[in-house]
Asker: 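Dropping the structure in here first, questions after.
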Amino acid sequence: MHISSAIPARTSRSAADERKEGMDKPVHLVEFETMLLSRYQLSSRRRAHGMLERSSYLLLSRLAIDGPLSIRQLSDALHLDASTLSRQIGTLLRDGLVERIPDPEGGMARKFRTSAEGEQRLEAERAATVSGLECVMHDWTPQDVAAFADYLRRFNGSIEQLDGRPWPRPTTSGRLPHR
């Protein structure tokens, strides 16, 4: 879900008029800071460092939490059409990061799960991300880091509530369950 889809249609005020008011409203500051944050998640930087593409990272993360899922289940969870997911899963299959398996519950649809290589790559990427976050927040107090995590969880939860698609959370230890 794009955040702007939850916004009612504009009134007669122009965007320029709203910008003139500047960053005096906290929500404008949130918009600006999330825009800046998105700069650091560019796929070209990820590829240059041998990291997973954003879509691969999201798919592997979801499969790590939920276990085997079909294309339809992934489509519902990620709000993507089946053809897009088929291409993304095809790439993950070719790279050996997921495996196609029969439905463990006996259904007709094939399901996909992370392979051992996929789990290793996902864990390596997470470790690198956590290490980077620790560098960024090295001078933050543990209470500030916890408060920031709580705000992010609340922010994401609000988006998920509007979208009607909650994202499963890691266990209380902060680690994703391995299946």
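For clarity, every value in this text was computed on a predicted model and none was experimentally measured.
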Asker: With salt bridge (charged side-chain N to carboxylate O under 4.0 Å, His left out) as the rule and sequence neighbours excluded, what pairs involving residues 70-93 come up?
Answerer: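 Passing the test, one end in residues 70-93: no pairs.
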Asker: Quick check: closest heavy atoms across Lys111 and Ser70, and the distance to 0.1 Å?
Answerer: CG-N, 3.9 Å
Asker: Cut-off 3.5 Å, no hydrogens considered: what does the side-chain donor-acceptor table look like for residues 145-156, sequence neighbours left out?
Answerer:
from: Asp150; atom 1: OD1; to: Arg153; atom 2: NH1; distance (Å): 2.8
from: Asn156; atom 1: ND2; to: Leu152; atom 2: O; distance (Å): 3.4

Asker: Checking Ser61 side chain against Tyr57 main chain: does a donor-acceptor pair fall under 3.5 Å?
Answerer: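 Yes.
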Asker: Please report the closest heavy-atom contact between Phe112 and Leu93, naming both atoms and the distance.
Answerer: CE2-CD1, 3.9 Å
Asker: Tell me whether the count of non-hydrogen atoms from other residues, nucleotides or ligands lying under 6.0 Å of CD in Glu117 goes above 12.
Answerer: yes
Asker: Measuring from atom CD of Glu160 to atom CZ of Arg165, what distance do you get when rounded to the nearest 0.5 angstrom?
Answerer: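 Answer rounded to 0.5 Å: 11.5 Å.
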Asker: In the structure I gave you, are the side-chain heavy atoms of Met51 and Arg121 within less than 4.5 Å of one another anywhere?
Answerer: no
Asker: Kindly indicate whether the side chain of Asp66, heavy atoms from C-beta on, has any atom under 4.5 Å from the side chain of Pro168.
Answerer: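 Yes, at least one pair of side-chain atoms sits under 4.5 Å.
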Asker: Tell me whether Glu119 is salt-bridged to Arg126, with the criterion being a basic N under 4.0 Å from an acidic carboxylate O.
Answerer: no
Asker: Quick check: does any side chain N or O of Ser56 sit under 3.5 Å from a backbone N or O of Leu52, one acting as donor and the other as acceptor?
Answerer: no
Asker: Could you measure the distance from the CG atom of Leu133 to the CH2 atom of Trp140? Nearest 0.5 Å is fine.
Answerer: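 Reported to 0.5 Å precision, the distance equals 9.5 Å.
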Asker: May I ask you to decide if Gln120's main-chain N or O and Glu123's side chain share a donor-acceptor pair within less than 3.5 Å?
Answerer: no
Asker: Could you give the distance from CG (Leu63) to CG (Leu122), rounded to the nearest 0.5 Å?
Answerer: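 Reported value, rounded in 0.5 Å steps: 9.5 Å.
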Asker: Working to the nearest 0.5 angstrom, can you tell me the gap between Glu53 CD and Leu60 CG?
Answerer: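 Nearest 0.5 Å value for the CD-CG distance: 12.0 Å.
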Asker: Between the side chain of Thr84 and the main-chain N/O of Leu80, is any donor-acceptor distance below 3.5 Å?
Answerer: no
Asker: Looking only at heavy atoms, which two atoms of Gln88 and Ser55 are closest? And how far apart?
Answerer: NE2-CB, 3.5 Å
Asker: In Å, rounded to the nearest 0.5 Å, how long is the span from NZ of Lys25 to CD of Glu31?
Answerer: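 It is 13.5 Å, given to the nearest 0.5 Å.
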Asker: Return a table of donor-acceptor pairs under 3.5 angstrom between the side chains of residues 95-108 and protein atoms on other chains or two or more places apart.
Answerer:
from: Glu99; atom 1: OE1; to: Arg113; atom 2: NE; distance (Å): 2.8
from: Glu99; atom 1: OE1; to: Arg113; atom 2: NH2; distance (Å): 3.3
from: Asp103; atom 1: OD1; to: Glu105; atom 2: N; distance (Å): 2.8
from: Asp103; atom 1: OD2; to: Gly107; atom 2: N; distance (Å): 3.2

Asker: Identify the two heavy atoms, one from Leu59 and one from Leu78, that lie closest to each other, and give their separation to 0.1 Å.
Answerer: CD2-CD1, 3.3 Å
Asker: Kindly compute the distance separating CG (Leu74) from CZ (Arg62), expressed to the nearest 0.5 Å.
Answerer: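 Result: 8.0 Å between the selected atoms.
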